[in-house]
Number of protein chains: 2
Amino acid sequence: MGRRSDHSRDEIREMALAAAEQVVAEQGLAGLSARKVAGAIGYTVGTLYLVFDNLDELILHVNVRTLDELHAVMVKALRRCRGPESCVLALGRAYVRYADTHRHRWSLLFEHRLPEGQEVPEWFRAKVAAMFELVEGALAPMSDHRSGREIGLAARALWSGVHGVAILALTDKLGTASVESVQALTDSLIRNYLAGFAGAGGR
Amino acid sequence: MGRRSDHSRDEIREMALAAAEQVVAEQGLAGLSARKVAGAIGYTVGTLYLVFDNLDELILHVNVRTLDELHAVMVKALRRCRGPESCVLALGRAYVRYADTHRHRWSLLFEHRLPEGQEVPEWFRAKVAAMFELVEGALAPMSDHRSGREIGLAARALWSGVHGVAILALTDKLGTASVESVQALTDSLIRNYLAGFAGAGGR
DNA sequence: ACCTGAACACCGTTCAAGT
DNA sequence: ACCTGAACACCGTTCAAGT
């Protein structure tokens, strides 16, 4: 036993994250364990704790990667749309499609909660903010007369909404879990919200 | 040891549920364990399994009670509103207020997931449906020309949206966790959605 | 310096044995 | 018939000891 130095600290981190992603993809949060991840990369549990503070930190990093993937998918969706409503709808559909095809990875984003006092680190929130900025960008062309603050609030309200639809539908709490019906729900949410937002009142 | 018969099966179930509620309220899902619940009611772990299939079933019943409380709170909110928009807003605010003041109980509703193949039982989904029916009822006065199916879809889209706002905001993923800002977000979501829904298009 | 392996204090779940 | 207590197979996390 003892020293091996087959891999650098960073390499071990990377391997662990990749292994954790695979376990989560296959078995969800419930199937994830430090021993399982360690075994998958050919190291002992102890080594994992040399490289991550604890399991929560590891999961946080898996989640940031998921946010990055989501962001990329949404950016891609923006390349095939014309006009503001079309673009917001495209973002919504891309989001729902990702959630549907990567259920476990996506669920981990919201099933995992940090222990009581601990708050979500800044670099994590920045990634969430980046996602909202895509929505703000799509909203901007239809909101000349509005302040950045208003657009920011609208993007958060609307996107949290899309997210809520995805959660209830995909975790089967609505009794209507098909991708089509989720799409119908998000489309309804987005179309009606935008009608109100672009129209008279707003607020 | 052996027989005691201090309490009937149903009494033990009731005591266990009450104890579980308290543990969850204080320490969240992560703090909940079969041994802890059993200890709190003065029985052994084994007894808990005589009365519940497993921990998942116990949690499911805690969650149904939460849905009942939420329903009651929303019904109460409907007593102090005039006109459709006012009533939907009242429902939204009641929901957010409940989520905020009972964070752990409310979080349990969505943090807890049944093991892979198992689906949410019918009696559970019925309770979720009952919540949506309250929203449908509030929506009805502003949708004479719409079918029940359309109203149902609108209620689900809108309410899932309110729920998503509450999740992201209260689990601190938005970086704006104050109750006021959550209220502002839900108000924005509801007002704009209703403007679109009541207005011309809809669809 | 790097990694292991065993330990500690917990889990959910089962079930022979006691009264 | 009802309940216990110990067992089993797991957890997350730590850390002395080995190379």
Side-chain angles (χ1 to χ4, degrees), chain A residues 1-17 19-20 22-24 26-63 104 108 111-118, chain B residues 1-17 19-20 22-24 26-63 104 108 111-118:
Chain A
M1 338 277 105
R3 76 189 292 114
R4 304 196 339 199
S5 264
D6 292 340
H7 305 279
S8 73
R9 237 184 95 91
D10 282 353
E11 283 171 334
I12 296 180
R13 272 177 80 97
E14 175 58 36
M15 288 159 62
L17 288 176
Q22 214 185 90
V23 174
V24 168
E26 283 163 11
Q27 321 181 41
L29 172 57
L32 186 68
S33 83
R35 282 174 174 85
K36 219 179 268 180
V37 171
I41 64 173
Y43 279 87
T44 318
V45 229
T47 302
L48 219 55
Y49 285 82
L50 253 35
V51 127
F52 290 102
D53 286 346
N54 49 45
L55 213 57
D56 285 321
E57 200 213 336
L58 188 155
I59 292 176
L60 221 45
H61 280 92
V62 171
N63 277 340
H104 281 144
L108 188 66
E111 274 171 40
H112 177 251
R113 306 252 332 237
L114 261 2
E116 199 63 2
Q118 222 164 118
Chain B
M1 334 279 106
R3 75 187 295 114
R4 304 193 343 198
S5 263
D6 293 342
H7 307 278
S8 72
R9 236 184 95 91
D10 282 352
E11 283 172 334
I12 297 181
R13 271 177 80 97
E14 175 59 35
M15 288 159 63
L17 287 175
Q22 214 184 91
V23 174
V24 169
E26 283 163 10
Q27 322 181 41
L29 172 57
L32 185 69
S33 83
R35 283 175 173 85
K36 219 179 267 179
V37 171
I41 64 173
Y43 279 86
T44 317
V45 229
T47 302
L48 218 55
Y49 284 82
L50 254 35
V51 127
F52 289 101
D53 286 345
N54 48 45
L55 213 56
D56 285 320
E57 200 212 338
L58 188 155
I59 293 176
L60 221 44
H61 280 93
V62 171
N63 277 341
H104 280 146
L108 188 65
E111 274 172 41
H112 176 252
R113 305 253 331 239
L114 262 1
E116 199 63 2
Q118 223 164 119

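Just so it is clear: chains get the letters A, B, ... in the order the sequence lines come, proteins before strands, and each one is counted from 1. These figures come from a predicted structure and were not determined experimentally.
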What pairs with B:Leu50 under side-chain contact (heavy atoms from CB on, under 4.5 Å), at least two apart in sequence or on another chain? none
Check side-chain contact (heavy atoms from CB on, under 4.5 Å) between A:His61 and all other residues, then give those that pass, not counting sequence neighbours. A:Arg13, A:Leu17, A:Phe52, A:Glu57, A:Trp123
Hey, can you pull the residues of residues 45-54 of chain A with a non-hydrogen atom under 4.0 angstrom from DNA chain C? A:Gly46, A:Thr47, A:Leu50
Identify, residue by residue, the members of residues 27-44 of chain A with a heavy atom below 4.0 Å from DNA chain C, and return them in order of residue number, or none. A:Arg35, A:Tyr43, A:Thr44
How close or far is atom [atom2] of [N] from atom [atom1] of [X], stated in whole angstroms?
X: A:Leu55; N: C:dC11; atom1: CG; atom2: C1'; value: 14 Å
X: A:His7; N: C:dC3; atom1: NE2; atom2: C1'; value: 13 Å
X: A:Glu11; N: C:dC2; atom1: CD; atom2: P; value: 13 Å
X: A:Glu57; N: D:dG12; atom1: CD; atom2: C1'; value: 15 Å
X: B:Leu114; N: C:dG12; atom1: CG; atom2: P; value: 16 Å

At what distance, to the nearest 0.5 angstrom, does [atom1] of [X] lie from [atom2] of [Y]?
X: B:Ile41; Y: B:Glu11; atom1: CD1; atom2: CD; answer: 11.0 Å
X: A:Leu32; Y: A:Glu26; atom1: CG; atom2: CD; answer: 11.5 Å
X: A:Leu58; Y: A:Asn63; atom1: CG; atom2: CG; answer: 10.0 Å
X: A:Ile59; Y: A:His112; atom1: CD1; atom2: NE2; answer: 4.0 Å
X: B:Asp56; Y: B:Gln118; atom1: CG; atom2: CD; answer: 6.5 Å

Quick check: closest heavy atoms across B:Ala34 and B:Val45, and the distance to 0.1 Å? CB-CG1, 3.8 Å
What verdict does the side chain to side chain contact (heavy atoms under 4.5 Å, CB included) test give for A:His104 and A:Glu111, after you've listed the backbone C-alpha separation in whole Å, the side-chain angles of each residue and the deciding distance to 0.1 Å? CA-CA 10 Å; A:His104 281 144; A:Glu111 274 171 40; over 6 Å; no
In terms of heavy-atom contacts, does CD of A:Gln22 have more than 12 from other residues, nucleotides or ligands at under 6.0 Å? no
Side chain to side chain donor-acceptor pair (under 3.5 Å) contacts touching residues 35-55 of chain B (sequence neighbours left out): B:Arg4-B:Tyr43, B:Gln27-B:Lys36
State the dot-bracket string of DNA chain C. Criteria: Watson-Crick or G-U wobble, both atom distances under 3.5 angstrom; notation: ( ) intrastrand, [ ] crossing earlier pairs, | interstrand, . unpaired. ||.|||||...|||||.||
